Amino acid sequence: MDTPSTFFRQQTVFLTGGTGYLGACLLYQLATKLDTRKIYVLVRGSPEQAISQWKKTIPNQVEGILATKKVQLVVGDVTEPSFGIESAILDEMADTVTAILHGAASLNWMSSLRETVHNNCLPVLHLAKIASIFKNLTRFVFISTIYASSHLPDGVVEEKIYPVGDAEEHLAQILKEGKVAEGVDGRFASRYAFVKNMTEQLLLARYPNLPILIARPGCIGPAISEPYPYYARGGACPLSDYIERYMQNPDSGIFQVSSLHPGGTNIVDEVPVDIVANLILLHVMHGTAGVIHTSAESYVPRTLAQLHQDVVDHFPKQDGSRGAEFRYVTDKSVKQGRYAEFWGIGGRDWRFSNAASKHFRSVDGPLSVALGDHDSRQFMKERARRIGEEIVRRRTSRVSSKL
C-alpha cells in the first residue's frame, strides 16, 4: 500500500466547498501535507473573493497553499447547469480528475424544504451526472451528516442507509408542492438532515456505477492541530456556537433527557475538524465505498454534562449575573430552555459506529488520527475559556468605545 503522500501525488482532485470550514481544512491537507498532483477548487464569484475568505479563516496558511502552484480556482456555482464551469475547463477535468470531494452545502436552518433540496440535494445529483463522464474517476465523496439518521431511536447507529419511504417520491413531491407526506421530515433533527438522508438514497440508486463514498461527520469541532490549533469558524462549529450564545445570553438551562441518562450523561457527538478531514482522506486513499461515520467514536466521546461543565467553569462573570446553571429533566412536560428547544437533539443519545475507521488509529504520518498525548478534556475546556475570554474582550471594547 502506498503512503498517503505517494498516493496523493498521483491524484487530481476536484473539491467543492473549499472556502468552507471543513473544505478549507481538506484543501490545506491536500495542498501542503500531501503534495497532491493538482486540486481544482470550485469558488463562487471570483478567485479574489475565495482568497479573501481564506485570509480571514486561515490567514497564515493561504499563501503556502497557493504557493504550491497545485491549486486551480474554478469559478462556478453548484446551483447552475454544469456548475457554471467553463466548458474548456470542464473538458480538462473530465480527462484528468481522479477524485471528487463534494463538501459544498447550505446550512441555513431557516430555509424552506424546497430551498433546502435545491441547495443540498439537486447539486449532488447533478455533480454525479457530470462525474459519470470523468474518464479516470476512482473516488466520488459526498459529505453528508450523521444526522441523516436522526429519525432513529437512541442507541447504536451503523454505517449504512436507513431509508424513510421512497426517496424519488419524496423528491418529486417537494419539487411540486414544497412538502412531503405529513410527519416524514419532522422525524429528523432538521430539514437539512432529512434532505441529506434522501440525497444519500437517490445518489446510490441513480448512480450505482460511480465509486461513491458517503462521509457522515458528527458536529464538527475546533482543530487539534491542522491547519492550526483551535481553528474554527462561526456558524460551522455547532457546539462552540452554542457555548458562545449561552455565555452571552443564558436561559433557564433546562434540558429534557432520557430516563437512562437523568444526569445528562448522554453522548453529545463532536469531533475535531482535522480528525474529520484526515479520516475522509484516508478512506479516499483506501478506496472505501458505501457509508462511513467520522464521529465522536473516532475521537473521545463526551457527555452533555461535561460540555455544560465547561460552560460553568468559564462563564464570563458580570456584576449581578447568576452565572451558568443547567438542569436535566426526564419529565417531557417540563418546559426546556430556548437553546435546548432550538437544538432539539442535545438530550438524545445516539452512538454512531465508526467500525470502518477503527483500523486507522495506528496510521502515522500526515493523515494520522492517533491522539497520542492529546488531552481531550483540557482541549475542550480551553475552547470554552477562549470563548468566554473573547466575550469579555468584546464587552470591554464596547464599554470603552462609549466613554
Side-chain angles (χ1 to χ4, degrees), residues 1-13 15 18 21-39 58 60-61 64-65 67-68 70-71 98-101 103 138-139 141 143 146 159 211 213-232 269-302 352-380 382-383:
M1 173 63 71
D2 290 336
T3 66
S5 295
T6 302
F7 173 81
F8 281 97
R9 283 192 198 108
Q10 303 170 54
Q11 306 305 312
T12 297
V13 175
L15 173 66
Y21 179 46
L22 174 58
C25 187
L26 285 166
L27 176 61
Y28 174 77
Q29 295 292 73
L30 287 166
T32 68
K33 299 297 182 180
L34 298 172
D35 196 25
T36 306
R37 180 167 58 193
K38 185 167 186 175
I39 310 154
I58 47 173
N60 298 322
Q61 289 75 28
I65 290 171
T68 64
K70 296 176 180 293
V71 177
T98 58
I100 293 174
L101 303 181
T138 61
R139 313 284 194 274
V141 181
I143 298 174
I146 57 171
E159 294 166 297
L213 171 65
I214 296 173
R216 294 179 181 157
C219 288
I220 301 180
I224 296 174
S225 58
E226 306 291 356
Y228 55 86
Y230 293 98
Y231 161 66
D269 204 285
E270 185 178 32
V271 59
V273 64
D274 44 350
I275 296 288
V276 175
N278 285 359
L279 282 172
I280 290 173
L281 294 173
L282 282 168
H283 281 288
V284 167
M285 175 183 166
H286 285 259
T288 307
V291 178
I292 59 124
H293 291 154
T294 60
S295 61
E297 295 294 325
S298 292
Y299 180 53
V300 180
R302 300 178 76 240
F352 296 98
S353 169
N354 72 329
S357 302
K358 285 185 176 179
H359 63 291
F360 291 139
R361 287 189 180 276
S362 60
V363 172
D364 293 322
L367 295 181
S368 175
V369 293
L371 297 179
D373 60 358
H374 171 74
D375 186 334
S376 63
R377 181 174 179 138
Q378 184 57 40
F379 178 76
M380 290 305 182
E382 174 64 11
R383 182 256 301 269

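This is a predicted model, so every value here is computed, not measured. Throughout, numbering of the chain's residues begins at 1 and tracks the sequence.
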What pair of heavy atoms forms the shortest contact from [X] to [Y], and how long is it?
{"X": "P366", "Y": "L34", "answer": "CG-CD2, 3.8 Å"}
{"X": "A31", "Y": "T68", "answer": "O-CG2, 3.5 Å"}
{"X": "I280", "Y": "A215", "answer": "CG1-CB, 3.9 Å"}
{"X": "A356", "Y": "I292", "answer": "CB-CG2, 3.8 Å"}

Mind checking the [atom1]-[atom2] spacing from [X] to [Y]? Nearest 0.5 Å is all I need.
{"X": "C25", "Y": "I275", "atom1": "SG", "atom2": "CD1", "answer": "9.5 Å"}
{"X": "T3", "Y": "R9", "atom1": "OG1", "atom2": "CZ", "answer": "6.5 Å"}
{"X": "Y299", "Y": "D274", "atom1": "OH", "atom2": "CG", "answer": "9.0 Å"}
{"X": "F352", "Y": "R216", "atom1": "CZ", "atom2": "CZ", "answer": "8.5 Å"}
{"X": "L367", "Y": "F7", "atom1": "CG", "atom2": "CZ", "answer": "10.5 Å"}
{"X": "F8", "Y": "Q29", "atom1": "CZ", "atom2": "CD", "answer": "10.0 Å"}

*Sequence neighbours left out, what pairs pass side chain to side chain donor-acceptor pair (under 3.5 Å) with at least one residue falling in residues 354-373?*
H283-S357, S298-N354
Any residue meeting side-chain hydrogen bond (donor to acceptor under 3.5 Å, both in side chains) with [X], in chain and number order, not counting sequence neighbours:
{"X": "T98", "value": "Q11"}
{"X": "D375", "value": "none"}
{"X": "K70", "value": "D35"}

*Pick one: which of L27, I39, V141, L22 meets side chain to side chain contact (heavy atoms under 4.5 Å, CB included) with L101?*
V141
*Using the test salt bridge (Lys or Arg N to Asp or Glu O under 4.0 Å), find all partners of R139 that sit at least two apart in sequence or belong to another chain.*
none
*Should I65 and I58 count as side-chain neighbours, where that means a heavy-atom distance under 4.5 Å?*
yes
*Side chains of P217 and T294 in contact at under 4.5 Å (non-hydrogen atoms)*: yes
*Ignoring hydrogens and angles, tell me if any N or O in the side chain of E159 forms a donor-acceptor pair with the backbone of H293 under 3.5 Å.*
yes
*Is there a donor-acceptor pair under 3.5 Å between the side chain of Q10 and the backbone N or O of T6?*
yes
I'd like a table of donor-acceptor pairs (distance under 3.5 Å, sequence neighbours excluded) in which one partner is a side-chain atom from residues 220-232, with atom names and distances.
residue	atom	partner	partner atom	Å
E226	OE1	Y28	OH	3.4
Y228	OH	T57	O	2.8
Y230	OH	F379	O	3.0
Y231	OH	Y21	O	2.7

*asked:* For L281 and L26: C-alpha separation, side-chain torsions, deciding distance, then whether side-chain contact (heavy atoms from CB on, under 4.5 Å) applies.
replied: CA-CA 8 Å; L281 294 173; L26 285 166; 3.9 Å; yes
